[in-house]
**Student:** 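I'd like to ask you about the structure that follows.
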Amino acid sequence: MWEKFDTYCVCKLCSHFCRLSEDEPAGRCNVRFYKDGEVFSLVGKRLAAVNIDPIEKKPLYHFKPKAKALSVGTVGCNFQCAWCQNHSLVTAVQFVNFPDHDFQTMNACFGQAYEPEELIRIACEHNVETLAYTYNEPTIFFEQALSLAEYAVKENKANIFVSNGYFSKQAFQVLKQCIHAFNIDIKAFSEKTYQDFCGARLRPVLDSCVRVKEAGLHLEVTTLLIPELNDSTEELTQLAQFIAEELGKDTVWHISAFHPSHNMRNKAATPVHTLDKAYEIGKEAGLHHIYYGNVPKENNTVCPKCQTTLIERKGYSVKILDDFRGKCPRCNFEISGIWRYYE
Ligand code: SF4
């Protein structure tokens, strides 16, 4: 996923489209680097985090509820969000003395190498139905994610991409062949916020969301609400209207509370009334399914037509109505999602 020129290469994995050369060998993610006219991944097959999580933790609420997700991530990221909640993983790569790294240092910093077969074996042993590429931005460990995802498909397991949405159009053409569900962060509805706090742009993220929807893949959107940064009525209205109009009113929107973290410790945690405001704005825009994150609150799935409760959630405890099969058993309204079996 890169193009070679006489003295440099252009990485085409994400919308930064970094130009890598002998003079500037590292991409913005600090993970892809240039050597002898080629682009390499510094993390190789190493994973910095491997866990079995409830799928609800990704978060995905309308994709195989109650499934387990073997969740993997590496170090590094193509964003530099000031509030990053996985900053120990994301920034680990910056402490390596690039390019004079040695394998011992890399192993210590970047985690253990895994073959896809090994991870699939772990998934099978624990009855895990899905693989999630998560924690840091999976686009930057594209080859690893892809080889594992392809293996997972052969074993009839579903693949989940938890992403900041900055993957390029070219990368998506490949991803869409083996990824079944995406959770994409829309971190704000302001180009300035993206530029000032993430070192990125909003437009490519919105384009990715539209592409996922157009490809007919499952998409849920997450927004971390940060006081006085992205929580104005005007901005939330624009964001909710984008979801409703461009992605569809049945697209799930997760609104999560911020807690002070990383380089943003000067702000208080998001009060619940801000989430309530976002919820009302989302409902006003016509969204059918809005869920709270990072606060202790029931997050039930309710039929948008007759208000029957179909799925009860308290934390990660999930109870599905016995006769729910993707349609409301009372009024027959179809609830968007992939409800149990991946085919
Ligand atoms: S993955 Fe993105 S940030 Fe990293 S080198 Fe490629 S284009 Fe740059």
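The analysis underlying the following values was restricted to heavy atoms, covering all of them including side chains, and did not include hydrogens, waters or symmetry mates.
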**Student:** For Asp53, is there an ion pair with Lys68 - N to carboxylate O distance below 4.0 angstrom?
**Tutor:**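 No, no charged N to carboxylate O under 4.0 Å.
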**Student:** Okay, side chain of Arg28, backbone of Phe17: is any donor-acceptor separation there less than 3.5 Å?
**Tutor:** no
**Student:** Considering only heavy atoms from C-beta outward, does the side chain of Val221 approach that of Asn183 to under 4.5 Å?
**Tutor:**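 No, too far: nothing below the 4.5 Å cut-off.
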**Student:** Can you tell me how the ring of Phe324 sits relative to the ring of Trp339, calling it parallel under 30°, perpendicular over 60° and tilted otherwise?
**Tutor:**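 Ring orientation, 0 to 90° scale: perpendicular.
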**Student:** Please check: side-chain N/O of Arg32 versus main-chain N/O of Cys11, any donor-acceptor pairing under 3.5 Å?
**Tutor:**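 Flag not set: sc Arg32 to bb Cys11 has no pair under 3.5 Å.
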**Student:** Test the Lys305-Phe333 pair against the cation-pi criterion, namely NZ or CZ under 6.0 angstrom from the six-membered ring centroid and within 45° of the ring axis.
**Tutor:** no
**Student:** Answer yes or no for Arg313 and Tyr61: cation-pi contact, defined as NZ/CZ to six-membered ring centre under 6.0 Å and angle to ring axis within 45°.
**Tutor:** yes
**Student:** Take the angle between the ring planes of His262 and His87 and call it parallel below 30°, perpendicular above 60°, tilted in between.
**Tutor:** parallel
**Student:** Just wondering, more than 12 heavy atoms not from Lys213 lying within 6.0 Å of its NZ?
**Tutor:** yes
**Student:** Determine whether Ile179 and Leu217 make a side-chain contact, defined as any pair of heavy atoms from C-beta on separated by less than 4.5 Å.
**Tutor:**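 No, their side chains stay 4.5 Å or more apart.
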**Student:** I'd like to know if the side chain of Ser163 and the backbone of Asp185 have a donor-acceptor N/O pair within less than 3.5 Å.
**Tutor:** no
**Student:** Is there side-chain contact between Ser15 and Arg201, with at least one heavy-atom pair below 4.5 Å?
**Tutor:** yes
**Student:** Would a 4.5 Å heavy-atom cut-off, applied to side chains only, mark Tyr194 and Lys187 as touching?
**Tutor:** yes
**Student:** Roughly how far, to the nearest 0.5 Å, is the CD1 atom of Ile186 from the CG atom of Leu224?
**Tutor:**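 Leu224 atom CG to Ile186 atom CD1 measures 13.5 Å (nearest 0.5 Å).
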**Student:** Please verify the inter-ring angle class for Phe161 with Phe167; under 30° counts as parallel, over 60° as perpendicular, anything in between as tilted.
**Tutor:** perpendicular
**Student:** Without swapping roles, check the side chain of Thr270 against the backbone of Phe258 for a donor-acceptor pair under 3.5 Å.
**Tutor:** yes
**Student:** Answer with yes or no whether the side chains of Thr301 and Tyr291 bring together a donor and an acceptor at under 3.5 Å.
**Tutor:** yes
**Student:** Kindly say whether Lys66 contributes a backbone atom to a donor-acceptor pair with the side chain of Glu56 at under 3.5 angstrom?
**Tutor:**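 A pair under 3.5 Å: yes.
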**Student:** Please answer whether the main-chain N or O of Ile335 pairs with a side-chain N or O of Lys327 as donor and acceptor at a distance below 3.5 Å.
**Tutor:** no
**Student:** Charged N to carboxylate O below 4.0 Å: is that the case for Lys35 and Glu22?
**Tutor:**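 So Lys35 does not pair with Glu22 through a salt bridge.
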**Student:** Measuring from atom CD of Gln241 to atom CG of Leu236, what distance do you get when rounded to the nearest 0.5 angstrom?
**Tutor:** 11.0 Å
**Student:** Can a donor-acceptor pair be found, under 3.5 Å and without considering hydrogens, that links the side chain of Glu115 to the backbone of Glu117?
**Tutor:**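 Absent.
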**Student:** Counting only heavy atoms from other residues, nucleotides and ligands, does the tally under 6.0 Å from CD of Gln238 exceed 12?
**Tutor:**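 Atom CD in Gln238 is packed in, count exceeds 12.
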**Student:** Treating Ser168 as the side-chain partner and Leu13 as the backbone partner, does any N or O pair qualify as donor plus acceptor under 3.5 Å?
**Tutor:** yes
**Student:** Are Ile311 and Lys319 packed together at the side-chain level, in the sense that at least one heavy-atom pair is separated by less than 4.5 angstrom?
**Tutor:**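 Side chain of Ile311 against side chain of Lys319, heavy atoms only: no contact under 4.5 Å found.
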**Student:** Can you check whether Cys198 reaches Trp83 side chain to side chain, under 4.5 Å on heavy atoms?
**Tutor:**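 The answer is yes; the side chains approach within 4.5 Å.
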**Student:** Is Arg121 salt-bridged to Glu125, going by a charged N under 4.0 Å from an acidic O?
**Tutor:**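 Result for this pair is yes, salt bridge flagged.
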**Student:** Within 45° of the axis and under 6.0 Å from the centre of the six-membered ring of Tyr8, does NZ or CZ of Arg19 qualify?
**Tutor:**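 Because its charged atom sits under 6.0 Å from the ring centre and within 45° of the axis, Arg19 does stack over Tyr8.
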**Student:** Donor-acceptor pair, Gln177 side chain versus Gln173 backbone, under 3.5 Å?
**Tutor:**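 Here the side-chain-to-backbone pair exists.
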**Student:** Please check if any side-chain donor atom of Glu234 sits under 3.5 Å from a side-chain acceptor atom of Ser232, or the reverse.
**Tutor:**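 Ser232 and Glu234 do not have a side-chain donor-acceptor pair below 3.5 Å.
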**Student:** How far apart are the C-alpha atoms of His62 and His218, what are their side-chain angles, what is the distance that settles it, and do they pass the side chain to side chain contact (heavy atoms under 4.5 Å, CB included) test?
**Tutor:** CA-CA 9 Å; His62 284 218; His218 183 75; 3.8 Å; yes
**Student:** Look up atom CG in Leu287 and atom OH in Tyr279, then write down how far apart they are to the nearest 0.5 Å.
**Tutor:**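 Taking CG in Leu287 and OH in Tyr279, the distance rounds to 10.0 Å.
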